[in-house]
Amino acid sequence: MLTERSLPSQDTSRLKISHDKNVGGLHPLLKVEGENGTKSIPILSVREKAHHEAIANAMVSGDAVAFEVGVVGLMIAVGDKRLGGNAWKTFWEVKKGRAPEDKVPFMMLPEDHDKVVDFTKIHEDFQFLKDAEARKKFFGALPFHTILPIREDNESLNRNAFVTTPEETLKKPADQRLSESTVCIYWQGGDTDWRRIAELAKKINPDVYLGITSLNEHGKPSPWNFSELLKHIEDGRGKELNHIVQDPVIAKADIKSSHTQVRVPLKGEKPAIIIVRKGPISADTINKFTGFPVRTLESAKLASRGHSPDVSLDERILEHLQKVNRA
């Protein structure tokens with residue numbers, strides 16, 4: 001089946017979406033026809049196992065990938081010299097107005113965190129995270145960003161893209177300033193399809209870091225789902241995209257929010273998980289799933305969202321994870 005939609009008046013292009021009717025067959029294509037010719041963007045689904053290898057290849061390719069996880073994000077593999085050394089700059093080109101010190105998170109399997117994280121610097125009560133299996137359990141239930149101290153001997157991580165130094169934290173609110181350089185790692189905890197895809201991506205190219213951010217200009221709302229992403233492209237944005245990874249299941253969950261950001265305490269701090277940015281996973285839910293006390297910084301802002309602040313999203317996330325894992 002082929003459908004067509006007209007693009008805005010400033011462009012005579014047409015947006016075409018072609019769908020293969022065969023489940024698990026050839027993926028749909030988003031065809032954007034413009035003055036410079038036709039661009040075909042594969043549309044892949046996290047919930048189609050036949051698409052998983054193609055998604056993994058896209059993730060590590062160095063191309064710009066839009067992906068749907070309750071918010072539409074931008075993913076670009078950084079670190080493999082074969083892919084070129086400037087791919088990381090695309091994040092700041094897309095996020096116009098983003099400060100250089102506002103570094104980009106990256107997606108990583110929890111068992112691989114010790115490649116970039118110095119766990120000797122975190123609070124003694126969290127030293128169990130040195131163990132890979134313990135990390136899989138701790139980070140494996142819920143999706144959120146975690147700020148952790150960097151291993152200074154890691155020479156493969158692009159510091160311009162991913163590492164926040166103590167000097168850079170001086171530009172942040174006082175309760176977010178730190179004496180250690182840090183990274184922010186995201187994991188789509190609790191979702192077995194994403195785990196399978198990430199494991200495939202690691203096998204294909206273990207030398208890259210999967211940089212991620214929401215797909216929007218700095219300070220402006222992101223598309224929340226696949227339908228809004230199409231409008232985003234219709235408006236003449238998203239020209240950098242080469243692949244789209246959608247999730248029709250999480251779209252039905254209606255999350256419409258960037259994710260919660262937490263920090264693991266360093267030595268000398270109170271043994272509590274620290275919320276740096278409030279998101280769809282609340283302090284109570286983090287406490288329930290980890291067993292640790294949770295405190296929220298006074299400076300913690302509410303993550304960008306498409307719902308009013310009083311709408312609770314915890315149950316929607318948890319119901320979504322139960323649904324996809326049952327399937």
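Residues take their numbers from the sequence shown, with the count starting at 1. Quick caveat: nothing in here was measured; it's all calculated off a predicted structure.
- Taking every heavy atom of both residues into account, Trp92 and Ala161 meet most closely at CH2-O, 3.7 Å.
- Asp125 and Lys270 are not joined by a salt bridge, as no carboxylate oxygen comes within less than 4.0 angstrom of a charged side-chain nitrogen.
- Distance check, rounded to the nearest 0.5 Å: CD1 of Ile55 to CZ of Arg196 gives 10.0 Å.
- Not a single donor-acceptor pair under 3.5 Å links the side chain of Lys323 to the backbone N or O of Ile250.
- A distance-only check finds no donor-acceptor pair linking the side chain of Ser304 to the backbone of Pro221 [under 3.5 Å].
- The minimum heavy-atom distance between Gly190 and Asn325, with the atom names listed, is O-ND2, 2.5 Å.
- The CG atom of Leu157 lies 5.0 Å from the OH atom of Tyr209; values are rounded to the nearest 0.5 Å.
- We find that Glu133 and Lys136 are joined by a salt bridge, their nearest charged nitrogen and carboxylate oxygen being less than 4.0 Å apart.
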Salt bridge (charged side-chain N to carboxylate O under 4.0 Å, His left out) between Glu152 and Arg159, worked out:
CA-CA 11 Å; Glu152 294 295 348; Arg159 292 179 177 248; 3.4 Å; yes
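- For Gln176 (side chain) and Pro173 (main-chain N/O), no donor-acceptor pair under 3.5 Å exists by modelled atom type.
- A distance-only check finds no donor-acceptor pair linking the side chain of His320 to the backbone of Gly70 [under 3.5 Å].
- Side-chain atoms of Arg177 and Pro166, non-hydrogen and from C-beta on, never get closer than 4.5 Å to each other.
- A continuous path of ILVMFWY side-chain contacts below 4.5 Å connects Phe119 to Phe292, so both sit in one hydrophobic cluster.
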Could you walk me through whether Val311 and Arg305 pass side chain to side chain contact (heavy atoms under 4.5 Å, CB included), step by step?
CA-CA 10 Å; Val311 174; Arg305 57 159 57 194; 4.1 Å; yes
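- Glu68 places a side-chain N or O within donor-acceptor distance of the main-chain N or O of Asp247, the cut-off being under 3.5 Å.
- Here the side chains of Lys256 and Asn225 are in contact, with some heavy-atom distance below 4.5 Å.
- Of all heavy-atom pairs between Phe289 and Ala141, the closest is CD2-CB, 3.7 Å.
- For the atom pair CE of Met108 and SG of Cys184, the computed distance is 12.5 Å after rounding to the nearest 0.5 Å.
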Show the numbers, then the answer: is there a side chain to side chain contact (heavy atoms under 4.5 Å, CB included) between Ile147 and Ile274?
CA-CA 9 Å; Ile147 296 171; Ile274 303 153; over 6 Å; no
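- For the side chain to side chain contact (heavy atoms under 4.5 Å, CB included) test, residues two or more places apart in sequence or in another chain that qualify with Thr120 are Asp118, Lys130.
- By the neighbour-count criterion of 12 heavy atoms within 6.0 Å, atom CD of Glu53 is sparsely surrounded, having that number or fewer from other residues, nucleotides or ligands.
- With values rounded to the nearest 0.5 angstrom, Phe91 atom CZ is found 7.0 Å from Thr213 atom OG1.
- In plain terms, the two heavy atoms of Pro223 and Leu215 that are nearest each other are CD-O, 3.1 Å.
- The backbone N or O of Ser299 sits less than 3.5 Å from a side-chain atom of Asp175, completing a donor-acceptor pair.
- Contact annotation: the side chain of Arg263 never approaches that of Leu297 to less than 4.5 Å [non-hydrogen atoms, C-beta and beyond].
- Legend: side chain to side chain donor-acceptor pair (under 3.5 Å) pairs involving residues 99-108, not counting sequence neighbours, sorted by first then second residue: Lys103-Glu168.
- A continuous path of hydrophobic side-chain contacts links Val116 to Trp88 [ILVMFWY only; heavy atoms under 4.5 Å].
- When side chains are defined from C-beta on, Lys95 does not count as touching Val104, because their heavy atoms never get closer than 4.5 Å.
- With Ser282 as the partner, the side-chain hydrogen bond (donor to acceptor under 3.5 Å, both in side chains) test is satisfied by one option alone out of Asp314, Thr296, Asn287: Asp314.
- For the pair Leu142/Thr260, no side-chain contact is recorded, criterion being any heavy-atom separation below 4.5 Å from C-beta on.
- Considering only heavy atoms from C-beta on, Lys267 stays 4.5 Å or farther from Lys121 through its side chain.
- A 6.0 Å sphere centred on CD of Glu155 holds no more than 12 heavy atoms belonging to other residues, nucleotides or ligands.
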Report the C-alpha separation of Val78 and Phe106 in whole Å, then their side-chain angles, then the decisive distance to 0.1 Å, and conclude whether the side chain to side chain contact (heavy atoms under 4.5 Å, CB included) test is met.
CA-CA 9 Å; Val78 176; Phe106 52 93; over 6 Å; no
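- Of all non-hydrogen atoms in Ala300 and Lys278, the two that sit nearest each other are O-CE, 3.3 Å.
- For Arg237, the side chain to side chain contact (heavy atoms under 4.5 Å, CB included) partners at least two apart in sequence or on another chain are His232, Asp235.
- Between the side chain of Asn154 and the main chain of Lys115, a donor-acceptor pair closer than 3.5 Å is present.
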Side chain to side chain contact (heavy atoms under 4.5 Å, CB included) between Ile185 and Val117, intermediate numbers included
CA-CA 10 Å; Ile185 305 177; Val117 175; 3.8 Å; yes
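- The main-chain N or O of Leu229 is never found under 3.5 Å from a side-chain atom of Trp224 such that the two would form a donor-acceptor pair.
- The only member of His145, Arg135, Met107 that meets side chain to side chain contact (heavy atoms under 4.5 Å, CB included) when paired with Trp187 is Met107.
- Residues Tyr186 and Pro143 have side chains in contact (heavy-atom distance under 4.5 Å, counting atoms from C-beta outward).
- A donor-acceptor contact closer than 3.5 angstrom links the side chains of Ser214 and Asn216.
- Residues Val71 and Ser257 have side chains not in contact (no heavy-atom distance under 4.5 Å, counting atoms from C-beta outward).
- In this structure a side-chain-to-backbone donor-acceptor pair under 3.5 Å is missing from Arg277 to Gln261.
- At a threshold of 4.0 Å, the pair Glu240-Lys39 does not count as salt-bridged, since none of the basic side-chain nitrogens sits closer than that to a carboxylate oxygen.
- Val294 and Val276 are not part of a single hydrophobic cluster, where members link through side-chain heavy atoms under 4.5 Å apart.
- Salt bridge present: Arg195 and Glu111 bring a charged side-chain N and a carboxylate O closer than 4.0 Å.
- Linking ILVMFWY side-chain heavy atoms closer than 4.5 Å, directly or via other members, places Val324 and Phe67 in two distinct hydrophobic clusters.
- Scanning both residues, Pro110 and Phe139, for their nearest heavy atoms gives CG-CB, 3.8 Å.
- In this structure, CD on Glu199 lies 10.0 Å from OG1 on Thr192, to the nearest 0.5 angstrom.
- Ile244 is not connected to Val249 by any chain of hydrophobic side-chain contacts under 4.5 Å among Ile, Leu, Val, Met, Phe, Trp and Tyr, and they are in different clusters.
- Looking only at distances, a side-chain donor or acceptor of Arg316 sits under 3.5 Å from a matching main-chain atom of Asp254.
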